[in-house]
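Here the structure comes first, spelled out in structure tokens, and everything after it is commentary.
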Amino acid sequence: FSTVPALLAGFMFGPISGVLVGLIKSLLHLLGTHTGGVGELADFLCTATMVIPSALMYKKSKTRKSAIIGLCIGIAGLIIVSSLANVFLLLPMYIHISPKEALPYISSAILPFNLAKGIILSLVTVLLYKKVSNLFR
């Protein structure tokens with residue numbers, strides 16, 4: 001759920017603000033990293049990939065429909081970026097397998113997890129946005 005504040009910031013203040021919140025989150029996670037920064041880099045890339053299209057779509061047209069379309073595009077980006085990050089960064093680093101050997105793991109575990117993650121983050125963001133945005137008015 002640590003991506004939700006970045007999504008909310010993106011909707012309220014624009015994509016740059018959302019990405020900056022994601023960057024701060026990743027930098028804070030570096031303080032207790034167990035991945036040598038690789039996991040935090042992957043998380044930042046995934047957060048930015050979800051925040052940018054969501055915030056851009058909502059900035060273009062501030063409707064629930066455009067927010068949901070942006071979030072769906074963001075989920076697709078999240079799945080693609082997280083899969084690539086796992087194939088080329090995370091799995092080879094931690095279990096020393098080649099990208100080709102990582103593909104079955106990506107399709108059976110990483111892809112479904114990130115799809116569920118994206119849907120849950122989107123639902124929480126949509127449910128919280130109006131309540132949180134009223135606090136900033």
Side-chain angles (χ1 to χ4, degrees):
F1 293 107
S2 62
T3 301
V4 171
L7 286 165
L8 291 172
F11 282 161
M12 286 189 278
F13 307 114
I16 293 172
S17 296
V19 170
L20 288 175
V21 168
L23 178 62
I24 292 167
K25 171 191 76 156
S26 294
L27 292 173
L28 288 172
H29 285 176
L30 271 175
L31 298 175
T33 187
H34 299 287
T35 68
V38 176
E40 289 74 21
L41 174 62
D43 180 61
F44 172 70
L45 292 173
C46 290
T47 297
T49 301
M50 189 156 179
V51 167
I52 291 170
S54 303
L56 284 173
M57 287 295 294
Y58 190 70
K59 185 177 181 179
K60 181 179 176 184
S61 174
K62 294 188 183 257
T63 65
R64 181 178 284 248
K65 181 180 177 182
S66 65
I68 291 171
I69 291 170
L71 286 164
C72 288
I73 294 167
I75 291 169
L78 169 68
I79 290 169
I80 292 166
V81 169
S82 66
S83 296
L84 292 173
N86 274 283
V87 167
F88 295 108
L89 287 174
L90 302 174
L91 293 175
M93 180 180 173
Y94 294 112
I95 53 178
H96 307 291
I97 61 175
S98 71
K100 185 178 177 183
E101 294 169 316
L103 291 177
Y105 180 70
I106 299 300
S107 63
S108 66
I110 301 297
L111 195 142
F113 170 80
N114 283 296
L115 176 61
K117 175 183 173 180
I119 291 169
I120 292 167
L121 290 172
S122 297
L123 289 173
V124 170
T125 300
V126 168
L127 292 172
L128 289 178
Y129 175 69
K130 285 296 179 190
K131 292 174 184 160
V132 173
S133 68
N134 288 334
L135 296 173
F136 287 92
R137 287 188 189 157

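These numbers were taken from a predicted model, which means no experiment stands behind them. All heavy atoms count here, side chains included; hydrogens, waters and symmetry mates do not.
- Counting only residues at least two apart or on different chains, no salt bridge (charged side-chain N to carboxylate O under 4.0 Å, His left out) pair has a member in residues 73-94.
- Between I75 atom CD1 and I68 atom CD1 the span is 10.0 Å, to the nearest 0.5 Å.
- Of the possible donor and acceptor atoms, none in the side chain of S26 sits under 3.5 Å from a partner among the backbone N and O of L23.
- Among residues at least two apart or in separate chains, there is no ring-ring contact (aromatic ring centres under 6.0 Å, His included) pair with a member in residues 98-125.
- Here the closest non-hydrogen pair linking L78 and T49 is N-CG2, 3.7 Å.
- Considering only heavy atoms from C-beta on, T47 stays 4.5 Å or farther from V21 through its side chain.
- Here the CG atom belonging to L84 is positioned 11.0 Å from the CG atom belonging to L90, to the nearest 0.5 angstrom.
- For residues 36-53, the set of pairs meeting the salt bridge (charged side-chain N to carboxylate O under 4.0 Å, His left out) definition, not counting sequence neighbours, comprises K25-D43.
- Between Y58 and F11, the two ring planes are tilted [angle within 30° to 60°].
- Residue pairs meeting the salt bridge (charged side-chain N to carboxylate O under 4.0 Å, His left out) criterion with at least one member in residues 78-93, sequence neighbours excluded, do not occur.
- In the hydrophobic clustering (ILVMFWY side chains linked at under 4.5 Å, chained through shared members), L127 stands by itself.
- In the hydrophobic clustering of ILVMFWY residues, with side-chain heavy atoms under 4.5 Å counting as a link, V4 and M57 come out apart.
- Closest heavy-atom contact between S54 and G74: OG-CA, 4.4 Å.
- Criterion: ILVMFWY side-chain heavy atoms under 4.5 Å apart, direct or through other members. Under it, V51 and V124 are part of a common hydrophobic cluster.
- Expressed to the nearest 0.5 Å, how far SG of C46 lies from CD1 of I80 amounts to 11.0 Å.
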Open item on the list: Assess the residue pair I110 and V87 against the criterion (side-chain contact (heavy atoms from CB on, under 4.5 Å)); give the C-alpha distance rounded to whole Å, side-chain angles, the decisive distance to 0.1 Å, and a yes or no.
Closed with: CA-CA 10 Å; I110 301 297; V87 167; over 6 Å; no

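- Atom-to-atom distance recorded for M50:CE and T125:OG1 is 6.5 Å, nearest 0.5 angstrom.
- The shortest side-chain heavy-atom distance between S83 and N114 does not fall under the 4.5 Å cut-off.
- Using a 4.5 Å cut-off between side-chain heavy atoms of Ile, Leu, Val, Met, Phe, Trp and Tyr, with links allowed through other members, L8 and L123 fall into the same hydrophobic cluster.
- With contacts defined as side-chain heavy-atom distances shorter than 4.5 Å, the pair P15/K59 qualifies.
- With a 4.5 Å cut-off on side-chain heavy atoms, L27 and L30 count as touching.
- No side-chain heavy atom of K117 sits under 4.5 Å from any side-chain heavy atom of S82.
- Between Y129 and L7, the closest side-chain pair of non-hydrogen atoms is not below 4.5 Å.
- Tracing side-chain contacts under 4.5 Å through hydrophobic residues (I, L, V, M, F, W, Y), one reaches L128 starting from V126; they form part of the same cluster.
- The CG atom of N86 sits 4.5 Å away from the CG atom of L91 when rounded to the nearest 0.5 Å.
- Both F13 and V132 belong to a single network of hydrophobic side chains, linked directly or stepwise wherever heavy atoms of I, L, V, M, F, W or Y lie under 4.5 Å apart.
- By the side-chain contact (heavy atoms from CB on, under 4.5 Å) test, I24 is found to be paired with L28, residues two or more places apart in sequence or in another chain being considered.
- Of the inter-residue distances, the one linking M12 atom CE with K62 atom NZ reads 10.5 Å to the nearest 0.5 angstrom.
- In terms of heavy atoms, A55 sits closest to G10 at CB-O, 3.4 Å.
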